[in-house]
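Letters go in sequence order (proteins before strands), and every chain restarts at 1.
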2 protein chains.
Amino acid sequence: MGNRSRTTSKTSLLTIEAIRDLEGATLSEISDHTGIPVSTLHTHLRTLREMEYVVREGDVYQLGMKLFHLGEQARWRDERYQIVKERAWNLSNRVGEEVSFAIKENDRMVILFDETTTPSDEGFQVGRYFDLHSSACGKATLAELPESRVDGFVDRYGLPAHTDNTITDRDALHEELETIRKRGYAVNAQEELEGLRAVAIAIEEPDGSVFGTLDISGPPYRLPEDEVVAERLRSTVADVEAALEDYEQG
Amino acid sequence: MGNRSRTTSKTSLLTIEAIRDLEGATLSEISDHTGIPVSTLHTHLRTLREMEYVVREGDVYQLGMKLFHLGEQARWRDERYQIVKERAWNLSNRVGEEVSFAIKENDRMVILFDETTTPSDEGFQVGRYFDLHSSACGKATLAELPESRVDGFVDRYGLPAHTDNTITDRDALHEELETIRKRGYAVNAQEELEGLRAVAIAIEEPDGSVFGTLDISGPPYRLPEDEVVAERLRSTVADVEAALEDYEQG
DNA sequence: ATATTGTTTTCCAATATGGGAAACAGATCG
DNA sequence: CGATCTGTTTCCCATATTGGAAAACAATAT
């Protein structure tokens, strides 16, 4: 089991995440997956159920909508995200491509929203985590950070490969980031997911730090030249940055 | 503060909810709000932070995107919700009104999504909880339940008033539910929120239980006659029910 | 009917762990 | 420079948490 201080709360939280991993599971399945004895789990699940973080459908435990409720609050915890959303929507409608907004939290990127013209495939990325080194949004963010922080990040997590195209070499990463800084946009050439290409640009706050990233993504065959895509993003990013500046004033 | 068994996990979860209530807060603010001593809170927040359920911005604790991540999983835990979403989107586009889908979980309604034509005011209800007796979706759901369960619900929670129009009397509620069953749709005449009118119809599963509810909502002056709105909903609901039936087969 | 197997739930004792007062450490401020 | 805010850490005792084991429950099979 654990190595460091196993707080009781952590066990509850791990239980939640086990249910997420298994996309719903029975008591014994959760026990198998986590190694936590069923009797212990049972009491934790009682609490989680009482607090509505988990529900039971028959004998299957599922994540409760309390999590969704709280998640929505988290998603909009910075009201400036709404500013971005409106402009992302406009952009998406203008160019007919999928536009996503992501932020970095704890060394991973999270997609906060995702504007498309067709609602069908909308949002399959929303709420997903992406690695910093293998996503357009992540690389766009990294490119804005000092080398030392990039190195620190590599030291901690390494550069796990997700496809054949993933950058797995530290020097290659530094080169890539340099290229991104030069040309002003990051490209994900199917480094995270086979068949998904994306172009991303970082949005800067008035103080120069990275606020988040906008990207346009899709299957490679459908996207225009990177430079064309980047140009489309650029104007929206500039627009958002101006709006953030305005917001700052009052 | 506590009266019943205060489990450790529960304290952590209450901490999360305190941060939600306060929309971000410092250690001492959370302590004031919950009555939990700062020293205790401190350790809980450490765990919550480690597990990414909470983040710190300066000295303000905020809900972490882990919650959003998990919340999205909860939101789509039943893949049939996607079926509803597509059709709600179509309806919204056809009639130019706001269409929402809600489900009942633990004696409250939760809005799962909300399709609008303009993205600006979209989603301000998403993830919100609504009481069963004071919302269109809630009343539409109650109307499908046996009287005994309705009474049980009233016994447990009472009928708290949210506006002057809220139904606060048990008999009046039963009458209202009877009306809903007769005419086939529920109306929220600003019973939950001043200035918000809504018409809702329950979606039934093939087995007859309530799957969720669709509603059309807006400021009273903008909505057509209830009967007209209901008619628009009816066809989509029938459509969804047919699709659920198909899904059942394979 | 009665085993058989797989659950989940309850019980309980031992002990690891969390609670919270108090001491400590930085800030910020008058 | 003390005073007064914060947040952080320490530490000890009471007790909440654990998890084995057994009991209840369910679903098949014999």
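Minimum atom distance to the side chain of T40(A) is reached by dG19(D), of the listed dG19(D), dT8(C), dG20(C). Looking at the side chain of Y61(A), the nearest of the listed nucleotides dT9(C), dT8(D), dT18(D) is dT9(C). The side chain of H44(B) approaches dG19(C) more closely than any other nucleotide in the set dT9(C), dG19(C), dT9(D). The side chain of T8(A) approaches dG18(C) more closely than any other nucleotide in the set dG20(C), dT8(C), dG18(C).
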Margin query: Could you walk me through whether S9(A) and S12(B) satisfy the side-chain hydrogen bond (donor to acceptor under 3.5 Å, both in side chains) test, starting with their C-alpha distance in whole Å, then the side-chain angles of each, then the deciding distance to 0.1 Å, before giving a yes or no?
Written below: CA-CA 6 Å; S9(A) 305; S12(B) 278; 2.7 Å; yes
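At a cut-off of 3.5 angstrom, the base of dG19(D) holds at least one donor-acceptor pair with the side chain of S39(A).
The residue from V54(B), T34(B), L48(B) that alone fulfils the side chain to side chain contact (heavy atoms under 4.5 Å, CB included) condition with I19(B) is V54(B).
A straight line from CG of L27(B) to P of dT6(D) spans 10 Å, rounded to a whole angstrom. Between the NE2 atom of H42(A) and the P atom of dC12(C) there is a distance of 16 Å, given to the nearest Å. Per the geometry, NZ belonging to K10(B) stands 10 Å off P belonging to dT17(D), to the nearest Å. Note: CG (L13(B)) to C1' (dG18(C)) measures 15 Å, nearest angstrom. Rounded to a whole Å, the CG atom of L45(B) is 15 Å from the C1' atom of dG19(C). What separates CG of D59(B) from C1' of dT28(C) is a distance of 12 Å, to the nearest Å. If you measure from atom CG of L41(A) to atom P of dT10(C), you get 15 Å, rounded to the nearest angstrom. Between the CD atom of E29(B) and the C1' atom of dT6(D) there is a distance of 11 Å, given to the nearest Å.
Among the protein residues, T43(A) comes within range of no part of the nucleic acid, since none of its heavy atoms lies under 4.0 Å from any strand. Contacts of S28(A) with the nucleic acid, taken as non-hydrogen atoms under 4.0 Å apart, involve only primed sugar atoms and P, OP1 or OP2.
Between K104(A) and D107(A) there is a salt bridge, since at least one side-chain N of the basic residue sits less than 4.0 Å from a carboxylate O of the acidic one.
For dT17(D), the OP1/OP2 oxygens have no side-chain nitrogen or oxygen of T11(A) closer than 4.0 Å. An OP1 or OP2 oxygen of dT9(D) is reached within less than 4.0 angstrom by a side-chain nitrogen or oxygen of R46(B).
Remark: R56(A) CZ is packed, more than 12 non-hydrogen atoms of other residues, nucleotides or ligands lying under 6.0 Å away. Residue R181(B) places its CZ atom among more than 12 non-hydrogen atoms of other residues, nucleotides or ligands, all under 6.0 Å distant.
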Quiz: residues 236-249 of chain A side-chain donor-acceptor pairs under 3.5 angstrom, not counting sequence neighbours:
| from | atom 1 | to | atom 2 | distance (Å) |
| --- | --- | --- | --- | --- |
| D239(A) | OD2 | R87(A) | NE | 3.3 |
| E241(A) | OE2 | E204(A) | N | 2.8 |
| Y247(A) | OH | E79(A) | OE2 | 2.4 |
| Q249(A) | NE2 | E245(A) | O | 3.3 |

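Comparing the start and finish of the helix from dA1(C)-dT30(D) to dG30(C)-dC1(D), five pairs each, the helix axis swings through 30°, to the nearest 10 degrees.
Remark: Y157(B) engages F153(B) in a ring-ring contact (aromatic ring centres under 6.0 Å, His included) (not counting sequence neighbours).
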